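Have a look at the structure below before the remarks.
As the structure is a prediction and not an experimental result, all values here were calculated from the model. Only heavy atoms go into these numbers, but all of them, side chains included; no hydrogens, no water, no symmetry mates. Letters A, B, ... mirror the listed sequences (proteins, then strands); counts begin at 1.
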Amino acid sequence: MESPITSSNYPPSISTNSPLTIRDELKSRLKKALVKSSFPEEIADISSATVAKFGDYQSHVAMVLAKRLGENPRTIARQILAHLHVSDMSAPPDVAGAGFLNFRILDQYLADRITQVTQDSRMGVPLASPRKRIVVDFSSPNVAKPMHVGHIRSTVLGDALVRIARFLGHDVITDNHIGDWGTQFGKVIYGWKHFLDPDDLAREPVEELVRLYRKTNQLGNEDPAIARQAREELVLLQRGDPENLVIWKQTVELSWKAFESVYKILDVHFTHCLGESFYNQSLSPLVEHLLATEVAQPSEGAICIFFPEIPELADKPCMIRKSDGGFLYATTDLATLEYRIKTWNPDTIWYVTGAPQALHFQQIFAIARRLGISAELVHIAFGNILREDRKMMKTREGENVSLATLLNEAIERAAKILTEKNPSLPLEEQEKIAHAIGIGAVKYAEFSQHRLTDYVFSWDKMLSFQGNTAPYLQNAYVRIRSIFRKSDEIPKLSSVHLDLPEERALALRLLQFGETVPIVLEEFRPNLLANYLFELANSFHSFYEKCPVLRAEEGVRESRLTLCNLSARVLAEGLSLLGIQVPERM
RNA sequence: GCACCCGUAGCUCAGGGGAUAGAGCAGUGGAUUUCUAAUCCAUUGGUCGCAGGUUCAAAUCCUGCCGGGUGCGCCA
């Protein structure tokens with residue numbers, strides 16, 4: 001949903017030159033002071049104050065220096081202070097505790113900054129430098145299997161990282177590496193040939209494919225002859241048998257339609273979808289090449305790559321061709337890597353896949369280095385989704401909650417609450433809002449925790465609309481929009497007053513948007529942005545309770561409208577970086 | 001056996017060298033003639049798994065142990 005605020009003619013002039021953030025400005029002043037005091041400037045360090053009573057920002061440099069030089073930290077702090085010029089932005093900094101430098105930003109400086117950031121289309125978020133070309137590998141569902149809750153982490157996390165990287169100015173290529181080739185197809189094809197139900201296939205194609213796979217698998221466990229026949233179907237497919245190819249192609253198309261509907265609900269898009277089958281022809285030459293260059297070696301009939309020089313991998317070889325001639329996951333990944341490097345020449349490749357695959361990527365990356373690939377390769381891992389008994393949700397056996405079902409239930413639950421709270425909404429708008437709230441809640445549930453934390457799946461938690469959830473943030477936005485609907489005046493760009501503590505706290509928080517977005521990519525942690533947005537919404541709700549806007553006297557009203565406007569823009573932009581939409585009312 | 005991840009409030013989780021460890025939920029007590037109460041304000045609740053070590057400073061780094069999880073040549 002487009003925000004009328006962000007697309008309106010207010011503010012009148014928009015620049016794209018984001019100013020330095022307050023933190024960076026302080027840091028740069030601190031560096032100058034360090035140089036003048038004959039200290040190394042690299043150790044300059046500014047962080048948000050841990051406790052409000054210590055001010056807004058703090059530095060630990062004096063203590064770090066003291067340790068290095070074996071001197072008294074407070075003495076060093078005073079030395080630095082003598083050369084530190086911040087009187088235009090901060091109250092005189094004091095030396096506190098063991099040698100902290102505490103900064104309390106001047107209200108006037110905050111007010112001027114708000115005016116400045118209001119005119120900035122990037123709302124104070126600096127562009128990344130250098131700009132990188134990044135290939136992101138995420139989502140990667142498997143053909144002939146339904147997308148289940150386990151796929152949500154890769155899809156939603158990857159999408160957010162992509163959005164953030166693009167917002168920061170990087171050149172991002174997304175590639176959905178679909179599992180459209182593998183041993184499961186022997187069983188699917190056998191099932192297709194022997195007990196396909198065309199009606200079921202037409203009605204619920206993916207479920208029917210799963211049934212075919214499961215039935216063959218089960219029969220194969222009981223009867224070795226059937227297992228052998230399924231393997232033969234696979235071999236036929238791999239040799240290019242026309243009939244099996246046609247069946248395979250249909251399963252891919254049917255599955256892709258199901259994926260597409262999920263991606264549409266999630267508003268996730270890819271620039272490329274080169275599945276595993278795309279690399280079929282590359283696998284054999286790749287292995288031959290690795291053999292010829294002695295990167296790989298024959299071993300017990302198979303072809304393996306060994307890592308004697310890496311202690312952790314010394315006893316963990318990577319197999320790239322089975323003794324029966326078949327290729328593996330690692331082979332495809334190497335071919336894929338080679339293709340991506342050759343085709344796109346990226347600076348870095350991000351693999352957004354589960355933590356259990358850490359060893360696999362350690363091997364792939366080690367091989368890449370041996371092949372002279374210099375691009376930075378990153379495995380962006382995430383924890384498992386657990387059942388409420390804390391057991392892992394497995395892809396293979398056991399029922400998985402279907403992703404489409406989950407998403408639809410989220411939307412339905414949101415619709416129900418919406419009907420109770422705001423029954424007067426037109427049906428069509430209600431549907432859109434329920435979508436934004438339900439899907440937002442599911443996505444936000446992912447972002448509100450560290451990506452490596454195992455996730456305990458719970459309908460109630462994932463679809464909770466209270467507290468630290470997407471609806472809380474959306475509600476802050478909706479309250480602002482409501483104000484602007486009732487105000488017939490176009491807010492003029494006026495001087496900002498920060499007289500009440502709630503106004504000041506909100507202003508400071510707004511200015512920290514530019515400090516937050518870039519650090520998300522330092523360790524690939526959208527939860528830092530989610531955290532920031534929650535705190536922003538929190539500051540806004542407090543401001544909203546304490547500071548009447550439309551009823552305020554002239555001057556104060558315009559100032560508060562400016563704060564409201566910027567709050568709405570930051571909330572909408574921040575949430576959109578997480579792939580979450582904001583409704584106009586709820 | 002080897003490797004990786006995790007252990008923080010009753011529950012779910014933030015914080016990953018810096019000051020008195022935070023939030024949401026749950027609990028308790030308040031706030032609505034007022035711009036959307038999906039809100040706000042106040043409050044109860046802690047041996048940061050255990051033991052050593054490094055440091056001016058450790059939930060955070062190192063070592064060991066305990067507990068849980070995951071992965072490790074013929075799946076992806």
Side-chain angles (χ1 to χ4, degrees), chain A residues 47 49-51 53-54 58 60 63-64 66-67 72-73 96-100 102 140 142 179 181-184 276 299-306 311-324 326 328-330 332-333 353-360 362-363 381 383-384 386 390-392 395-396 414 417-418 420-422 437 445 448-450 452-456 458 460-461 464-472 474-476 478-487 523 527-528 530-531 534-535 537-538 541-542 544-552 560 564 585-586:
Chain A
S47 55
T50 48
V51 187
K53 76 169 180 185
F54 296 128
Q58 59 182 223
H60 313 136
M63 290 177 289
V64 176
K67 184 175 184 175
N72 185 314
F100 297 92
N102 289 337
S140 310
N142 290 318
W181 198 257
T183 47
Q184 76 265 33
E276 292 170 351
S299 172
E300 299 172 33
I303 307 295
C304 292
I305 297 173
F306 296 91
E312 310 90 73
L313 296 181
D315 61 340
K316 295 175 173 61
C318 173
M319 185 181 288
I320 57 172
R321 193 169 77 195
K322 297 190 282 184
S323 52
D324 69 1
L328 300 101
Y329 180 34
T332 316
D333 260 9
T353 46
Q357 295 180 52
L359 175 61
H360 166 75
Q362 219 185 330
Q363 293 175 328
N384 299 307
L386 308 177
R390 296 205 74 96
K391 296 286 182 199
M392 202 174 150
T395 322
R396 283 297 160 86
I417 295 175
L418 197 53
E420 286 164 17
K421 302 230 179 223
N422 201 344
I437 293 175
S448 60
Q449 57 182 52
H450 190 113
L452 283 171
T453 303
D454 285 348
Y455 192 101
V456 177
S458 143
D460 287 338
K461 196 200 162 197
S464 161
F465 297 147
Q466 303 284 329
N468 185 8
T469 63
Y472 177 85
Q474 290 166 325
N475 183 236
V478 162
R479 288 176 134 186
I480 300 169
R481 294 300 305 135
S482 180
I483 289 174
F484 279 97
R485 270 196 302 276
K486 291 192 166 126
S487 157
E523 288 181 316
N527 71 308
L528 296 175
N531 208 8
F534 174 66
E535 284 170 350
N538 213 330
H541 281 302
S542 299
Y544 181 89
E545 298 283 335
K546 273 280 170 53
C547 309
V549 178
L550 297 179
R551 284 181 290 111
R560 289 182 179 167
C564 283
R585 54 187 123 226
M586 61 193 283

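Not a single donor-acceptor pair under 3.5 Å links the side chain of A:Asn384 to the backbone N or O of A:Asp454. Using modelled atom types, one side-chain atom of A:Ser458 and one backbone atom of A:Lys461 make a donor-acceptor pair closer than 3.5 Å. For A:Gln363 (side chain) and A:Leu313 (main-chain N/O), no donor-acceptor pair under 3.5 Å exists by modelled atom type.
Listed nucleotides: B:A38, B:C40, B:A76. Nearest to the side chain of A:His541: B:C40. Nearest to the side chain of A:Phe534, among B:C2, B:A23, B:A76, sits B:A23. In this structure, of B:A38, B:G73, B:C35, it is B:C35 that holds the atom nearest to the side chain of A:Tyr544. The side chain of A:Ile483 lies closest to B:C35 when the candidates are B:C35, B:A38, B:U70. If you check B:A38, B:G71, B:U39 against the side chain of A:Leu359, the one that comes closest is B:G71. For A:Met319, whose side chain is taken as the heavy atoms from C-beta onward, the closest listed nucleotide among B:A76, B:A38, B:G73 is B:G73. Minimum atom distance to the side chain of A:Ser542 is reached by B:C40, of the listed B:G73, B:A76, B:C40. If you check B:U39, B:G18, B:C2 against the side chain of A:Phe100, the one that comes closest is B:G18. Side chain of A:Asn538, nearest nucleotide from B:A38, B:C40, B:C13: B:C40. The side chain of A:Asn475 approaches B:A38 more closely than any other nucleotide in the set B:A76, B:A38, B:C35.
For B:C75, one of the phosphate oxygens OP1 or OP2 lies less than 4.0 angstrom from a side-chain nitrogen or oxygen of A:Lys322. For B:A76, neither phosphate oxygen OP1 nor OP2 lies less than 4.0 angstrom from any side-chain nitrogen or oxygen of A:Thr183. Close to B:A38, at under 4.0 Å from its OP1 or OP2, lies a side-chain N or O of A:Lys421. Between A:Tyr472 and B:C40, a side-chain N or O to OP1/OP2 separation shorter than 4.0 Å is present. OP1 or OP2 of B:U12 has not a single side-chain nitrogen or oxygen of A:Asn468 nearer than 4.0 Å. Put simply, A:Gln466 has a side-chain N or O that comes within less than 4.0 Å of OP1 or OP2 on B:U39. Phosphate proximity of B:G24 to A:Ser448: absent, as no side-chain N or O sits under 4.0 Å from OP1 or OP2.
Taking 90° from 0 as the syn/anti boundary, the base of B:G73 is oriented syn.
If you check every strand for non-hydrogen atoms under 4.0 Å, A:Val478 touches a base. When heavy atoms are screened at a 4.0 angstrom cut-off, A:Lys67 is found touching base atoms of the nucleic acid. As judged by a 4.0 angstrom heavy-atom cut-off over every strand, A:His450 is placed among residues touching the sugar-phosphate backbone only. Across all strands, A:Asn102 comes closer than 4.0 Å to base atoms (heavy-atom distances). Base contact: A:Glu300 has a heavy atom under 4.0 Å from a base atom. No contact: A:Arg321 has no heavy atom under 4.0 Å from any strand. Heavy atoms of A:His60 sit under 4.0 angstrom from at least one base atom. Counting any heavy atom pair closer than 4.0 Å across all strands shown, A:Lys316 reaches a base atom. In this structure, A:Leu313 reaches neither bases nor backbone, as no heavy-atom distance under 4.0 Å exists between it and the strands shown. Note on A:Ala381: nothing from the nucleic acid sits closer than 4.0 angstrom, heavy atoms only. Counting non-hydrogen atoms under 4.0 angstrom, A:Thr50 reaches a base of the nucleic acid. Across all strands, A:Ser323 comes closer than 4.0 Å to base atoms (heavy-atom distances). Residue A:Gln58 is classed as a base contact, given a heavy-atom separation below 4.0 Å to a base.
Rounded to a whole Å, the CD atom of A:Gln357 is 14 Å from the C1' atom of B:C72. Distance CZ (A:Phe465) to C1' (B:U39): 17 Å, rounded to an integer number of Å. Look at CD on A:Glu420: it is 11 Å from P on B:A38, rounded to the nearest Å. Between A:Gln449 atom CD and B:C5 atom P there is a gap of 18 Å when expressed in whole angstrom units. Here B:C13 presents its C1' atom at 14 Å from CG of A:Leu452, a figure rounded to the nearest Å. Rounding to whole angstrom units, CZ of residue A:Phe484 and P of B:C35 are separated by 16 Å. Distance A:Glu545 CD to B:G30 P: 18 Å, rounded to the nearest Å. For the pair A:His360 NE2 and B:A76 P, the interatomic distance rounds to 10 Å; values are reported in whole Å.
B:A19 and B:G29 have their P atoms separated by 35 Å, given to the nearest Å. Comparing the C1' positions of B:A21 and B:U60 gives an interatomic distance of 11 Å, to the nearest angstrom. Nucleotides B:G45 and B:A9 are separated by 6 Å at their C1' atoms, to the nearest Å. Nucleotides B:G52 and B:A14 have their C1' atoms positioned 28 Å apart, rounded to a whole Å. For the C1' atom pair drawn from B:A51 and B:C56, the interatomic distance equals 24 Å after rounding to whole Å. Across the C1' atoms, B:C40 and B:C5 are found 39 Å apart, a figure rounded to whole Å. Taking the P atoms as reference points, B:G68 lies 32 Å from B:A23, given to the whole Å. Comparing the P positions of B:A58 and B:G1 gives an interatomic distance of 34 Å, to the nearest angstrom.
Base-pair partner of B:C13: B:G22 (Watson-Crick or G-U wobble, both distances under 3.5 Å). Partner assigned to B:A59 is none, using Watson-Crick or G-U wobble distances below 3.5 angstrom. Checking B:C40 for Watson-Crick or G-U wobble geometry (two distances, each under 3.5 Å) identifies B:G30 as its partner.
To the nearest 0.5 Å, the span separating CZ on A:Arg560 from CD1 on A:Ile483 amounts to 10.5 Å. Distance check: A:Arg485 CZ to A:Ile480 CD1 gives 11.5 Å after rounding to the nearest 0.5 Å. The distance from the NE2 atom of A:His541 to the CZ atom of A:Arg479 is 5.5 Å, given to the nearest 0.5 Å.
Between A:Ser448 and A:Asn527 the shortest side-chain heavy-atom distance does not fall below 4.5 Å.
Around CD of A:Glu420, the count of heavy atoms belonging to other residues, nucleotides or ligands within 6.0 Å exceeds 12.
Side chains of A:Gln58 and A:His60: a donor on one and an acceptor on the other come within 3.5 Å.
Between A:Tyr472 and A:Phe534, the ring center distance clears the sub-6.0 Å criterion.
Between A:Gly182 and A:Cys547, the residue whose closest nucleotide on RNA chain B is further toward the 5' end is A:Cys547.
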